[in-house]
Amino acid sequence: MDLNADLGEGFGAWRLGDDDALLDVVTSANVACGFHAGDPSTMYRVCRLAAERGVAVGAQVGYRDLAGFGRRRIDYDHDELRDDILYQIGALEAFCRTAGDRVRYVKPHGALYNTAAVDVVQSSAVVDAVLAYDPALPVLCQPGSVLAQRAVAAGLTVIGEGFGDRGYLPDGRLVPRSAAGALVHEPRQVVERVVRMAADGSVTAVDGSEVACPVRSICLHGDTPGAVELARSVRDGLHAAGLEVRPFAVGQGR
């Protein structure tokens, strides 16, 4: 099982999360590419540290929305969104190459992640950007989503992603952050949910129903209180359950 986290989400004098500590725990780093967060110096620094630790780097592409941290939906034209995504992948690739590595996968961020999960136009823009840049790059997204379906239909590799600290709706979507049950706070419950997703491919929804959740990567949010300690607990829990923790994207990409 792979463990991923959103990293490099500071900008200028503003810092978010403990990138250094999380890079000692996770196996994949979703690095902000400058549109929702992440300035060039931060991108370079995280890519260099990830390469030193053997952590796979993915392009965390988002809306052009620094003020809203990419969490506000934007209705893009397909081609404009495709080109914005291409721009972000290319920018991160430059820093990866300078650090002696390369971009290994692509993951949408925030409102783009949620919109592409249900919207044909925006999911198609993500898929078309990856196809144009490097069809060998996997797409990290929710299993069963519109993005996952369109990526598979286009011949891309899809890596199903689960969230131990987020609530699930009965249809497999995440509970909106503005609704009750959106977040799971108790560390033991988070670890139990992660182990179950990894071992059994299922999760309990907010209404008590069981939802299929076949995943190969677990997202650990780095901007929540106690994030590093929780990430360590999740990794320890997977090891205790006899599950190997390693990056899914080794050898991927061109």
Side-chain angles (χ1 to χ4, degrees), residues 1-7 26-33 47 50-51 54-62 78 81-93 96-97 101-110 112-164 172-174 194 197-203 211-220 238 243-254:
M1 181 59 58
D2 175 68
L3 296 178
N4 77 77
D6 300 345
L7 299 176
V26 301
T27 50
S28 295
N30 317 314
V31 181
C33 301
C47 288
V55 175
V57 170
Q60 190 185 30
V61 296
H78 169 279
L81 180 56
R82 178 202 60 209
D83 296 346
D84 273 6
I85 293 169
L86 272 170
Y87 184 99
Q88 293 174 78
I89 299 172
L92 188 65
E93 184 76 64
C96 281
R97 290 191 177 188
D101 203 348
R102 63 180 184 272
V103 171
R104 304 281 181 165
Y105 63 94
V106 174
K107 174 186 173 178
H109 163 79
L112 175 57
Y113 187 100
N114 294 328
T115 302
V118 297
D119 184 89
V120 171
V121 172
Q122 297 207 8
S123 61
S124 295
V126 175
V127 168
D128 289 346
V130 176
L131 285 172
Y133 186 80
D134 182 359
L137 287 177
V139 176
L140 182 60
C141 62
Q142 276 194 274
S145 63
V146 173
L147 175 56
Q149 294 169 19
R150 297 193 72 82
V152 168
L156 299 177
T157 298
V158 170
I159 304 298
E161 178 181 39
F163 297 83
R173 292 181 297 125
L174 296 177
V194 167
M197 279 188 274
D200 301 330
S202 64
V203 66
V211 179
C213 193
V215 301
R216 290 176 56 195
S217 184
I218 298 293
C219 182
L220 305 171
L238 289 169
L243 297 165
E244 182 183 3
V245 178
R246 59 182 176 83
F248 68 82
V250 173
Q252 297 284 355
R254 59 189 175 192

Of all heavy-atom pairs linking Gly144 and Ala148, the shortest is N-CB, 4.0 Å

*Any donor and acceptor pair, going by atom type alone, linking the side chain of Thr27 with main-chain N or O of Leu3 inside 3.5 Å?*
yes

Quick note, salt bridge (Lys or Arg N to Asp or Glu O under 4.0 Å) partners involving residues 145-161, not counting sequence neighbours, are Lys107-Glu161

| message | For a quick check under 3.5 Å, do Gln142 and Tyr113 share a side-chain donor-acceptor pair by atom type? | response | no

Of all heavy-atom pairs linking Ile89 and Ala59, the shortest is CG1-CB, 4.1 Å

* Keeping the roles fixed (side chain from Thr115, backbone from Leu112), state whether a donor-acceptor pair exists under 3.5 Å. => no

Heavy atoms of Asn30 and Gln60 approach each other most closely as O-OE1, 3.6 Å

Note to self: With a 4.5 Å cut-off on side-chain heavy atoms, are Ser28 and Pro247 touching?
What the structure shows: yes

Looking only at heavy atoms, the pair that brings Ala51 and Asp101 closest together is CB-CB, 4.4 Å

Taking every heavy atom of Ile159 against every heavy atom of Pro138, the minimum-distance pair comes out as CG1-CB, 3.9 Å

Mind checking whether Val26 and Val55 have side chains closer than 4.5 Å, heavy atoms only?
yes

Hits for salt bridge (charged side-chain N to carboxylate O under 4.0 Å, His left out) against Asp119, two or more places apart or cross-chain, chain-then-number order -> Arg73

With sequence neighbours left out, the residues meeting side-chain contact (heavy atoms from CB on, under 4.5 Å) with Ala91 are Met43

| request: Answer yes if the side chains of Asp2 and Ser217 hold a donor-acceptor pair under 3.5 Å, and no otherwise. | output: yes

Validation row: Val215, Pro143 side chains within 4.5 angstrom (heavy atoms):
yes

Residues Met1, Glu244; criterion side-chain contact (heavy atoms from CB on, under 4.5 Å); working and verdict: CA-CA 6 Å; Met1 181 59 58; Glu244 182 183 3; over 6 Å; no

Residue pair Phe248 / Asn4, side-chain heavy-atom distance below 4.5 Å = no

Heavy atoms of Cys141 and Leu147 approach each other most closely as CB-CD2, 3.8 Å

